[in-house]
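First the structure, in the form of structure tokens, and then the observations on it.
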Amino acid sequence: MLSKLSDDIKQYLLITSNYWAFTLTDGALRMLVVLYFHQLGYSALEVAMLFLFYEFFGVVTNLVGGWLGARLGLNKTMNLGLSIQIFALVMLAINPQWLSVTYVMCAQALSGIAKDLNKMSAKSAIKKLVPEDADGVLYKWVAILTGSKNALKGVGFFLGGLLLTLFGFQDALWLMAGMLTLVWLLSIWRLKADLGKKKAKPKFTEMFSKSPQINRLSAARLFLFAARDVWFVVALPVYFVSELSWQSSTVGTFMAVWVILYGLVQANAPKVTGRNMALTQSKQSALSWVTTLAVIPAMIVLGLDSSFSPELILVGGLLIFGAVFAINSSLHSYLIVRCADSDGVSMDVGFYYMANATGRLTGTVLSGVMYQYYGLSACLLVSSVMLGIAIVLTKRL
């Protein structure tokens, strides 16, 4: 099989390298924006709102991007994502005095478009590089790509803080834009031109999935990621700073370490669940893991109401939640690639990650609103309810 896939493995490595390079700049850019605007006096909620367009345009991009990938080829959508990210970095590298909130939100919108074009292209391409009957290989490749991306995003958080310290906001952006330009040129030169291109050009109206299985899996993914972000994105960092008196640098470091560990668990998910599972077994495994996950936020609420240290409860709870969530995410990522139609795979994958982006957007907004009016415990209870809905949807796969 390795001999048969030798050319495909080269393409996989190129796609993965593209994805890694993009992810480093994406994580670093997020940390640069968070730290820089925090230094300018923005509140945590105001900084979070700078990323609102980033999440919103992910919804649109995945839907349209899947159609473009099937129509034009995944090489073109991946390279388009890289070029848009370069442009977004250059946009922000102007004189910092000229940066307004609206301008930064627009640049972040472009970065969100770029990120989802790149991710959709990378995930879809794997389907085309693995034989139809090699489920174990597909699961392993998807897990490695997904897990390494999240681990590198955590490294990107560190990189963003380091670049800001060493070079300042403007020069750090120019440095990242230059590095990503080299990756973009290599991708244009070496990535296959016909990768993922549908045999018959799909109509724009075909963007929405007609498969009940894809629709249910997508809906489950929406609630899965909304359940994470409703307490993780805004509520938790603000709680650490305002209630537990953590320094901003400590919060950033902890979040970065959490994302790295989360990515490492994702990459190794096949070793935990078993790699060579039939499709039915994979669905049953997904149901078991999401059921386990739903209990954790509710247990954290009970812990916060007890006499135990809230700091210990939250840190420990978040680590356990992250590990179980990572297994869920890897299983989901495998299932969508496995269940997607091989001809025009990007359309099913794009639709699925549109639901993913909708979940992140919903969770981000609810995280700010629920925490501001009802507190962290309410965010955690909403998380458990959302995961309960994900359980019902996963049962119907």
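The figures that follow rest on heavy atoms only: side chains count, while hydrogens, waters and symmetry mates do not.
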- Task: Starting from the C-alpha separation in whole Å, work towards a yes-or-no answer on side chain to side chain contact (heavy atoms under 4.5 Å, CB included) for W289 and V272.
- Result: CA-CA 11 Å; W289 282 99; V272 178; 3.9 Å; yes

- Query: Do F254 and W258 make the cut of ring centroids closer than 6.0 angstrom?
  - Reply: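 No, they do not, as the ring centres are separated by 6.0 Å or more.
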
Does one side chain, of [X] or [Y], offer a donor that lies under 3.5 Å from an acceptor on the other?
X: Q85; Y: W184; result: no
X: Q284; Y: K395; result: no
X: T273; Y: Y139; result: yes
X: Y54; Y: D116; result: no
X: S148; Y: W20; result: yes
X: Q266; Y: S330; result: no
X: N118; Y: K115; result: no

Which value, rounded to the nearest 0.5 Å, describes the distance between [X] atom [atom1] and [Y] atom [atom2]?
X: L335; Y: L138; atom1: CG; atom2: CG; answer: 10.0 Å
X: S383; Y: I300; atom1: OG; atom2: CD1; answer: 8.0 Å
X: L264; Y: I260; atom1: CG; atom2: CD1; answer: 7.5 Å
X: F57; Y: M105; atom1: CZ; atom2: CE; answer: 9.5 Å
X: F232; Y: C379; atom1: CZ; atom2: SG; answer: 13.5 Å
X: T292; Y: L387; atom1: OG1; atom2: CG; answer: 11.0 Å

- Evaluate the side-chain proximity of S218 to M354: yes if any heavy-atom separation is below 4.5 Å, no if none is.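 No, side chains not in contact.
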
For [X] against [Y], the heavy-atom pair lying closest together:
X: M255; Y: P237; answer: CE-CG, 3.3 Å
X: A220; Y: T394; answer: CB-OG1, 3.9 Å
X: Y371; Y: S242; answer: OH-OG, 3.4 Å
X: A172; Y: F167; answer: N-CB, 4.1 Å
X: I84; Y: I113; answer: CD1-CG2, 4.1 Å
X: A323; Y: V265; answer: O-CG1, 3.6 Å

- Would R228 and F321 count as a side chain to side chain contact (heavy atoms under 4.5 Å, CB included) if you check the C-alpha gap in whole Å, the side-chain angles of each, and the deciding distance to 0.1 Å? CA-CA 9 Å; R228 180 195 69 178; F321 181 90; 4.0 Å; yes

Over 12 non-hydrogen atoms of neighbours within 6.0 angstrom of [atom1] in [X]:
X: M91; atom1: CE; answer: yes
X: Y103; atom1: OH; answer: yes
X: F240; atom1: CZ; answer: yes

Is it the case that the side chain of [X] and the backbone of [Y] share a donor-acceptor pair, with hydrogens and angles ignored and the cut-off at 3.5 Å?
X: S111; Y: A107; value: no
X: S306; Y: G303; value: yes
X: S384; Y: L381; value: no
X: S187; Y: V183; value: no
X: T364; Y: R360; value: yes
X: N356; Y: Y352; value: no

- Task: Walk me through it: do Q108 and L29 pass the test side chain to side chain contact (heavy atoms under 4.5 Å, CB included)?
- Result: CA-CA 9 Å; Q108 285 296 304; L29 178 59; 3.8 Å; yes

- Task: Indicate if M386 and M299 have the same hydrophobic cluster label, given that clusters are the connected sets of ILVMFWY residues with side-chain heavy-atom separations under 4.5 angstrom.
- Result: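 No; M299 is not reachable from M386 via cluster members.
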
- Task: Please determine which of L92, L32, L24, D26 meets the side chain to side chain contact (heavy atoms under 4.5 Å, CB included) test together with M176.
- Result: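 So, applying the side chain to side chain contact (heavy atoms under 4.5 Å, CB included) to M176 and each of L92, L32, L24, D26, only L32 qualifies.
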
- Going through the checks in order, is the side chain to side chain contact (heavy atoms under 4.5 Å, CB included) test met by K271 and K140? CA-CA 9 Å; K271 295 178 181 178; K140 181 180 178 181; over 6 Å; no

